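Not measured: the values here are computed from a predicted model. Remember, it's 1-based here, ligands and their atoms both numbered in the order they're listed.
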Amino acid sequence: MAHVASSTPDWDYAARLTEARARIHTAEWSAGRAGSGVRLLVATKAWDADAAVAAVSAGASLVGESRMQELAVKGAPLKAAGAKVHVIGQLQRNKAATAVEFADCVQTVDSLALAERLSRLCEDAERSLDVMIQVNVSGEDSKAGVAPHEALALASATQRLPLLTVTGFMTIGLNSPDEAAVRAGYAQLAAVRDEALIRAERGDMPLRDAWELSMGMSNDLEWAIAEGATIVRVGTAIMGHRSR
Ligand SMILES: *Cc1c(COP(=O)(O)O)cnc(C)c1O
């Protein structure tokens, strides 16, 4: 396979993947979660298909795409390379068809209208789709997602739609060097998950063995894992700094 336009040699991806996995491993250990299997999602936004596929060839099995124009181009090569693809960017309803065509999971469901659209598209495509509820834990207006107290109502309503399976909750943390403040946000997402478990026992939510918590990025994955992340989304630490 030729990776013509990638600015980073393939061996760098392998080395960076190894480094990221070592960070995850150490963070799990420090958090008393050794062996808990936190998954590494590689965020490839703004990188071309060759670069994204090179990362997959180097061992990235889970890829996150943020922009549907990019997913329309990278979706087929990523699938052909064997990657699972999650949508991690804000999804407009008029772009939902691209997500249904290529994604294994949409992590960014933030309204029932979007969930309904995905469900209808899944019926047309005769497929099922995993989704996660995006929660805004920082309260910043610029961040997408529902408020923490709205997350379970949206999860229940979404779960009732045909062909969608709610697998967990996702958040974009506070962009800050203040560990306590960032972790407080991640703890809020974990609290949503804990409440989901309680309601599931009462029969008010579907039962799952475990709910996913997608939180943490290149700069703060250790803090997210300390608060219970099951998926961390890492871009720069593996793909390099984006020039575009
Ligand atoms: C870009 C992006 C990431 C990765 O961020 P890095 O700081 O580059 O690791 C994670 N999550 C989302 C939603 C993103 O858009």
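Residues forming a side-chain hydrogen bond (donor to acceptor under 3.5 Å, both in side chains) with D220 (at least two apart in sequence, or on another chain): Y186.
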For ligand 1, which of its N or O atoms have a protein N or O partner closer than 3.5 Å, and how long is each gap?
from     : atom 1 : to   : atom 2 : distance (Å)
ligand 1 : 8 (O)  : T236 : N      : 2.8
ligand 1 : 8 (O)  : T236 : OG1    : 2.5
ligand 1 : 9 (O)  : S218 : N      : 3.0
ligand 1 : 9 (O)  : S218 : OG     : 2.5
ligand 1 : 9 (O)  : G235 : N      : 2.8
ligand 1 : 11 (N) : R233 : NE     : 2.8
ligand 1 : 15 (O) : K45  : NZ     : 2.6

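The closest donor-acceptor contact from the side chain of S119 to the backbone of A115 lies at 3.5 Å or more, if one exists at all.
Side-chain N/O atoms of T108 and Q134 include no donor and acceptor closer than 3.5 Å. A donor and an acceptor atom, one from each side chain of E28 and S36, are located under 3.5 Å apart.
Residues V146 and L213 share a single hydrophobic cluster, defined by chaining ILVMFWY side chains whose heavy atoms lie under 4.5 Å apart.
Taking 4.5 Å as the limit, some side-chain heavy atom of P162 sits within range of a side-chain heavy atom of E123.
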